[in-house]
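Contents: one structure, followed by commentary.
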Amino acid sequence: MSENSLNDSYIKIDHLSLEFPLYHGGSRSLKKTLFVKAGRMLTKQKRQHQRTGGDVVFQENDPNQILIQALHDINLDIRAGERVGLVGHNGAGKSTLLRTMAGIYEPAHGHIQTRGNIDALLDPNAGMNPALSGRENIFLRGKRLGFSKEQIRHLEKDVEEFAELNEFMDLPVRIYSSGMAMRLGFGLSTATTPKILLLDEWFMAGDSVFQEKAAQRLENIVQSAEIVVLTTHYLPAVRSWCQRLIWLEAGRIIADGPVDTLLDRYIETMEADI
Amino acid sequence: MGTSPHPSKVSEKLLVIHHGFLSFLRHRQGWQDIIYGLKLWKLAISLGWLDIKLRYRGSVVGPLWMTLSSALMVGSMGLIYSTLFKMVLRDYLPFLALSMILWQNVLSAIISDACTCFLQANDTIHSIKLPYFVQALRTMVRNFIVLAHNIIVPLVVFVIFRVWPGWVGLLSIPALALWLIDGIAVCLLLGSLCARYRDIPPIVNSIMQVVFYVTPIIWQPSQLAGKDWWLPLNPFYPLIEILRLPLLGGVPSLFVWECAFGYSFVLCLVAWFIFARARPRLAFWI
């Protein structure tokens, strides 16, 4: 392995744990339900199935506060040049880990250190305002990135060509189909060249023509990006795009290794689970 | 047993160090949030402007609705209260028009907007890393645009009654700057508190209703006829006075200025501590 230079991007995570506090939405009734039903079931039939969701923890000093342990003691070191696939059952913590890498969730325990500008495609609407038109959203994104007028014009042209929304570009995003909103979101996020690209699984949607186009565009940006981390249930994408696989379960990393060997094991386990 | 005689003491000490370090980190990160937020001032202006544009999209008169409704309110209140208080309309209406706009469209509007400052932006907060301070700035920009539309009402009243503050009016500029800083502080404070405790907005609303009556807004301080010693105890009074009096051609006393700065300082301090504490958890609460 070659030694990384000082300016290369990296993501370093040490003993990171993340709990979601649940304060709202009737924590009492939720607590009752969880205690009576799920609590017993889960403890008795532990680990027969892939676990859905993180552990539900009750705080000792405040019995009214429920914590959901979304990530548990994560240790990771991702270096420049790596393309990482995050896999795991629903609610295994993939998206939460991605959001933590993006800096949206700040961990209460442990450390996360990143170098390099990050772009995260976490949500089809990715911070877009649905009431504004596609063009206005592009403009806002440009402002958010601190672009000059010239750069915003360039961004607008680039995204317009990619998304092929024609006259819909000037209509509110609210009336877009999910595919159209995704084209816009994908086009926008891939128009800039981040050093670290984080992709949540939604980008697998969209029609087949778009898929090819998206794959091409993603290929380009992956070439320039130093780190790519993606989560998906669509495993062929992992096989073609990633070399490293991280397997999460109930907020813990249970396996971390090359895609070639690990993916088959993962598929086997998943099939056995059904 | 016996190998570590005071295990609890050791862990307690470690915890304290850890905690101290964390709070230092919290303040540094809070400060960075504000610095990065200030750098994105152009974004905040666009966001605030688009908020207003969206609110009135499809409306013929657009944001001028605000001006019209303010004019109607000030006109009818002016007629009723000048009769009730037995005051000359020429003296009373300029005062009322300015007071009501400052209260209804600035103070009260910012305080209720501040409660939803972060809650409203939950989509953005969950999908993109952006300084929280931008949301506070955006709220201020939005309210400034609203004020710019409504200020027409007192201006027209001033013109009709030939009221002109003269050079003293310039004293309102530092007052406006203080209001801007206080407004941002209120956004950070109430925005953080309301994200965590959803009972705060109704509490704030009922307090503001009481404040409206005990603060000289529709009545003038001089009407208390010497029984006005308690006025400076109300933080809203000096703050309103430093902005309103110069615009009506008067000079606020030094004491009023001192009160205004004192209350603002306390507000900023409290807002800073609450915001620095809440900021890392905001994404989870919203």
Side-chain angles (χ1 to χ4, degrees), chain A residues 18-26 65 67-68 70 95-96 98-109 111 114 117-133 136-137 139-149 152 172-174 185 188-189 196 198 200 202, chain B residues 15 18-19 21-22 25-26 29-30 32-33 36-58 119-132 134-135 137-138 141 194-199 276-286:
Chain A
L18 198 94
E19 293 117 12
F20 277 95
L22 262 191
Y23 299 107
H24 314 298
Q65 193 183 337
L67 291 176
I68 293 172
S95 300
T96 309
L98 221 53
R99 280 197 158 87
T100 312
M101 287 177 180
I104 291 164
Y105 293 143
E106 291 180 26
H109 311 287
H111 290 279
T114 55
N117 61 323
I118 299 176
D119 208 341
L121 284 86
L122 300 168
D123 195 301
N125 307 319
M128 287 197 281
N129 187 336
L132 295 173
S133 72
E136 284 168 322
N137 271 301
F139 169 78
L140 263 189
R141 177 68 63 95
K143 283 265 156 117
R144 191 179 292 150
L145 295 167
F147 278 12
S148 67
K149 270 189 184 153
I152 291 178
V173 172
R174 164 170 52 85
L188 255 181
S189 306
I196 299 174
L198 309 171
D200 211 343
W202 64 268
Chain B
L15 203 74
H18 193 59
H19 186 77
F21 174 68
L22 266 182
L25 209 68
R26 262 204 308 252
Q29 285 174 335
Q32 274 172 352
D33 191 283
Y36 289 142
L38 281 173
K39 281 184 186 157
L40 287 169
W41 62 275
K42 279 185 188 164
L43 173 70
I45 289 177
S46 305
L47 283 170
W49 180 250
L50 285 168
D51 282 340
I52 296 289
K53 217 169 123 187
L54 275 178
R55 201 182 289 172
Y56 293 99
R57 187 163 272 184
L119 286 172
Q120 235 174 15
N122 68 343
D123 277 350
T124 319
I125 289 170
H126 283 154
S127 57
I128 282 168
K129 169 107 185 141
L130 209 59
Y132 288 97
V134 169
Q135 305 301 341
L137 279 182
R138 168 201 196 164
V141 170
C194 295
R196 172 68 183 79
Y197 303 101
R198 304 292 161 97
D199 297 315
R277 215 183 140 80
R279 196 200 51 83
R281 311 302 298 159
L282 277 174
F284 299 99
W285 292 343
I286 289 165

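Predicted, not measured: the structure shown is a model, and the values here were computed from it. Chain letters run A, B, ... following the sequence lines, proteins first and then strands; every chain starts at 1.
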**Study point:** Pairwise distance CG(B/D51) to CG(A/L132) - rounded to 0.5 angstrom
**Key:**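 Reported value, rounded in 0.5 Å steps: 8.5 Å.
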Practice item. Quick one: pull up CD in B/Q29 and CD in A/E106 and give me the separation to the nearest 0.5 Å. Key: 5.0 Å
**Study point:** Taking every non-hydrogen atom, the tightest pair across A/E136 and B/K53
**Key:** OE2-NZ, 3.2 Å
Study note, to complete from the structure: Smallest heavy-atom separation, B/K129 atom then A/G103 atom, equals CD-O, 3.1 Å
Point to revise | Contact origin within A/I118 toward chain B - heavy atom pairs under 4.5 Å | key: neither
Exercise for review: Check whether A/A131 gets within reach of chain B through its side chain, its backbone, both or neither, counting any heavy atom under 4.5 Å.
Suggested key: both
Exercise for review: Using non-hydrogen atoms and a 4.5 Å limit, figure out which bit of B/K39 sits close to chain A: side chain, backbone, both or neither.
Suggested key: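 Nothing of B/K39, per the 4.5 Å heavy-atom cut-off to chain A.
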Review point. According to the interplanar angle, ranging from 0 to 90°, do the rings of B/F284 and A/Y105 count as parallel (below 30°), tilted (30 to 60°) or perpendicular (above 60°)?
Key: parallel
Check your understanding: Counting heavy-atom pairs under 4.5 Å to chain A, which of B/L43, B/I125, B/L47 comes out on top?
Key ->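 Of the options given, most contacts go to B/L43.
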**Study point:** Over 12 non-hydrogen atoms of neighbours within 6.0 angstrom of CZ in A/F147
**Key:**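 Yes - once you tally the heavy atoms of other residues, nucleotides and ligands closer than 6.0 Å, there are more than 12.
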Study note, to complete from the structure: Which of B/L50, B/L54, B/D123, B/T124 passes side chain to side chain contact (heavy atoms under 4.5 Å, CB included) with A/N129? Answer is B/L54
